[in-house]
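Fair warning: this is a prediction, and the values are worked out from it, not measured in the lab.
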Amino acid sequence: MVKTWKITALLFLCMISFWGSNNFVLAQENTYLDSNETYTRENEDIATIYKQAIDAKILTKERYTYSSWIALEKSFLWPNYTQVKKEGLIDQTTTYKAWLQNNNYGAIADFDNGNFKMLLQGSATAANKSKFVNTIQKGDFVVVSDVREPWAPFIGHAAIATTDNWILDMPGYKDGTYTKEDNNRQLKKGDWFNKYQNAWTTVYRVKTSKQVRNNIADWADWRYWSSNHGLTKNRHVKYDMKTVLKGSYDKAYCSKLVWQALYYGSGDLPLVIARPTTFTVAPYFLPGEMNTAYTPTRYGPF
């Protein structure tokens, strides 16, 4: 009788332990999410994709809550994925899950949760423009979020300040304003900001001397605008995603131009992570392209 009682008690304890561990796992999973909403994209559960991004430490629950991220997913990420497929800008075999990974799940380095919520609500344009023009300096680079130029397979846009007043970039060509064959442009910073006033722009300043930042800006201006640093453009660069990252200065896209300026303009300084010649750098990844000692300081978003 005593033996039977002990066996029954042991089984009961095992059941409690099993039930408790399952509930612990369930509770642990629930801590990922601040909303019960879920749905599928291409037969992939969206909550599972979010959890995978958290586990990979690309997103953090503190900076990108689940409810905020699925709002971005529905309003921006999914529509842009379907559009780039429609435009034939990515291989038709590319899955949504793979495209999200290639675009960092819509995350830009160092976005905090407060600013991310603001991004979803829209910007106070006049105030942000004033802050932007008073912040950006020669040698700073910028990343624009919540935007995708219609000719690019990735989201975001990038540019670099060649002086305290001028910004250089590759804006693309499909809206008809600029041609594909001669795409590099330079605008005064206020005019440039107006082009992206409905999105959010973050300024990044690499942690190095002012002289090095000036050298980075001067290299960009010399290579991608004017060989004599004049106001008149004498460099004419084709917009092309099918180009190598190193060299090939006659073809570029927005984030390649910025990466090259950081890489070549900094000289022997190990500012930028070494990359192979054939490599694509998307705008959202630029802040993470610096070696740790030179991690850029962020200003904004504006």
Side-chain angles (χ1 to χ4, degrees), residues 125-126 128-144 147 149 151-152 156-199 201-206 208-240 243 245-267 269 271-272 281 283 286 296 299-300 302:
T125 304
N128 286 340
K129 180 178 179 179
S130 177
K131 291 175 184 176
F132 173 79
V133 298
N134 289 320
T135 298
I136 195 163
Q137 296 177 7
K138 182 177 181 178
D140 292 347
F141 69 93
V142 300
V143 176
V144 185
V147 67
E149 310 297 6
W151 45 84
H157 182 59
I160 189 166
T162 51
T163 73
D164 288 341
N165 296 308
W166 291 87
I167 295 178
L168 174 70
D169 66 358
M170 298 284 294
Y173 57 92
K174 283 198 174 179
D175 67 351
T177 305
Y178 302 93
T179 67
K180 180 178 182 179
E181 302 300 323
D182 187 11
N183 198 247
N184 49 321
R185 73 173 176 190
Q186 197 159 211
L187 298 173
K188 286 188 175 180
K189 57 186 178 182
D191 294 332
W192 184 92
F193 184 87
N194 289 341
K195 300 285 185 182
Y196 302 97
Q197 62 184 354
N198 294 323
T201 299
T202 305
V203 175
Y204 292 92
R205 186 169 300 151
V206 292
T208 185
S209 68
K210 188 173 182 65
Q211 182 58 58
V212 171
R213 292 195 295 272
N214 286 345
N215 292 344
I216 289 168
D218 289 342
W219 188 94
D221 181 69
W222 166 75
R223 176 53 71 185
Y224 280 104
W225 188 255
S226 171
S227 59
N228 58 16
H229 293 290
L231 284 176
T232 302
K233 173 181 175 179
N234 67 11
R235 304 280 202 191
H236 303 279
V237 185
K238 179 180 179 180
Y239 187 98
D240 197 340
T243 178
L245 185 61
K246 296 177 181 176
S248 185
Y249 309 114
D250 59 336
K251 298 177 183 179
Y253 51 92
C254 65
S255 40
K256 173 187 170 178
L257 185 159
V258 174
W259 189 93
Q260 284 195 333
L262 293 165
Y263 180 75
Y264 292 112
S266 56
L269 200 68
L271 181 74
V272 179
V281 175
L286 274 173
Y299 300 89
F302 303 105

Gap separating the CG atom of Leu262 from the CD1 atom of Ile160, nearest 0.5 angstrom: 5.5 Å
Evaluate Val237 against Leu257 for side chain to side chain contact (heavy atoms under 4.5 Å, CB included), listing each step before the verdict. CA-CA 10 Å; Val237 185; Leu257 185 159; over 6 Å; no
Show your reasoning for whether side chain to side chain contact (heavy atoms under 4.5 Å, CB included) applies to Arg205 and Asp140. CA-CA 5 Å; Arg205 186 169 300 151; Asp140 292 347; 2.9 Å; yes
Report yes if some heavy atom in the side chain of Lys256 is under 4.5 Å from a heavy atom in the side chain of Leu245; otherwise report no. yes
From Asp250 atom CG to Thr243 atom OG1, the distance as rounded to the nearest 0.5 Å: 7.0 Å
I'd like to check the ring-ring contact (aromatic ring centres under 6.0 Å, His included) partners of Tyr299; sequence neighbours left out, ordered by chain and number. none
Kindly compute the distance separating CG (Leu269) from OG1 (Thr208), expressed to the nearest 0.5 Å. 5.0 Å
Approximate separation, where rounding is to 0.5 Å, of His157 NE2 and Tyr253 OH: 13.5 Å
Whether Trp192 and Phe132 hold their rings parallel, tilted or perpendicular, with breakpoints at 30° and 60°: parallel
Atom pair SG/CZ of Cys254 and Phe141 - distance to nearest 0.5 Å: 12.0 Å
Verify, without hydrogens or angle tests, whether Asn215 (side chain) and Gly267 (backbone) share a donor-acceptor contact under 3.5 angstrom. no
Taking the side chain as every heavy atom from C-beta outward, state whether Tyr178 and Tyr239 have any atom pair closer than 4.5 Å. no
Got Trp225 and Thr162 here, is their nearest side-chain heavy-atom distance under 4.5 Å? no
Minimum side-chain heavy-atom gap Pro171-Asn183 below 4.5 Å: yes
Ile167/Leu187 under side chain to side chain contact (heavy atoms under 4.5 Å, CB included): CA gap, chis, key distance, verdict: CA-CA 5 Å; Ile167 295 178; Leu187 298 173; 5.7 Å; no
Between Ile216 and Ala261, what is the shortest heavy-atom contact and its length? CG2-O, 3.5 Å
Please assess Asp169 against Arg185 for the test salt bridge (Lys or Arg N to Asp or Glu O under 4.0 Å), listing each intermediate value before the final yes or no. CA-CA 6 Å; Asp169 66 358; Arg185 73 173 176 190; 2.7 Å; yes
So, using salt bridge (charged side-chain N to carboxylate O under 4.0 Å, His left out) as the criterion, who are the partners of Lys210 when residues are at least two apart? none
Taking side chain as C-beta onward, heavy atoms only, is Trp219 less than 4.5 Å from Gln260? yes
Salt bridge (charged side-chain N to carboxylate O under 4.0 Å, His left out) partners for Arg213, two or more places apart: none
Note: Val143 and Pro283 closest approach over all heavy atoms is CG2-O, 3.7 Å
Taken in chain and number order and not counting sequence neighbours, the residues that satisfy side-chain hydrogen bond (donor to acceptor under 3.5 Å, both in side chains) with Asn194 are Lys129
When rounded to the nearest 0.5 Å, the distance separating OH of Tyr264 from CH2 of Trp222 is 10.5 Å
Is it true that a side-chain atom of Ser255 and a backbone atom of Val281 form a donor plus acceptor pair closer than 3.5 Å? yes
How about Ser226 and Gln186: do any of their side-chain heavy atoms sit closer than 4.5 Å? no
Which residue pairs satisfy the salt bridge (charged side-chain N to carboxylate O under 4.0 Å, His left out) criterion with at least one member in residues 217-233, sequence neighbours excluded? Lys138-Asp218, Asp182-Lys233
Find out whether Lys189 and Trp166 are in side-chain contact, i.e. whether some heavy atom of one side chain is under 4.5 Å from a heavy atom of the other. no
Considering all heavy atoms of both residues, which atom of Tyr224 and which atom of Arg235 are nearest to each other, and what is their separation? C-CB, 4.0 Å
Mind checking what makes salt bridge (charged side-chain N to carboxylate O under 4.0 Å, His left out) contact with Lys251, not counting sequence neighbours? none
Close side-chain approach of Val212 to Val206, heavy-atom, < 4.5 Å: no
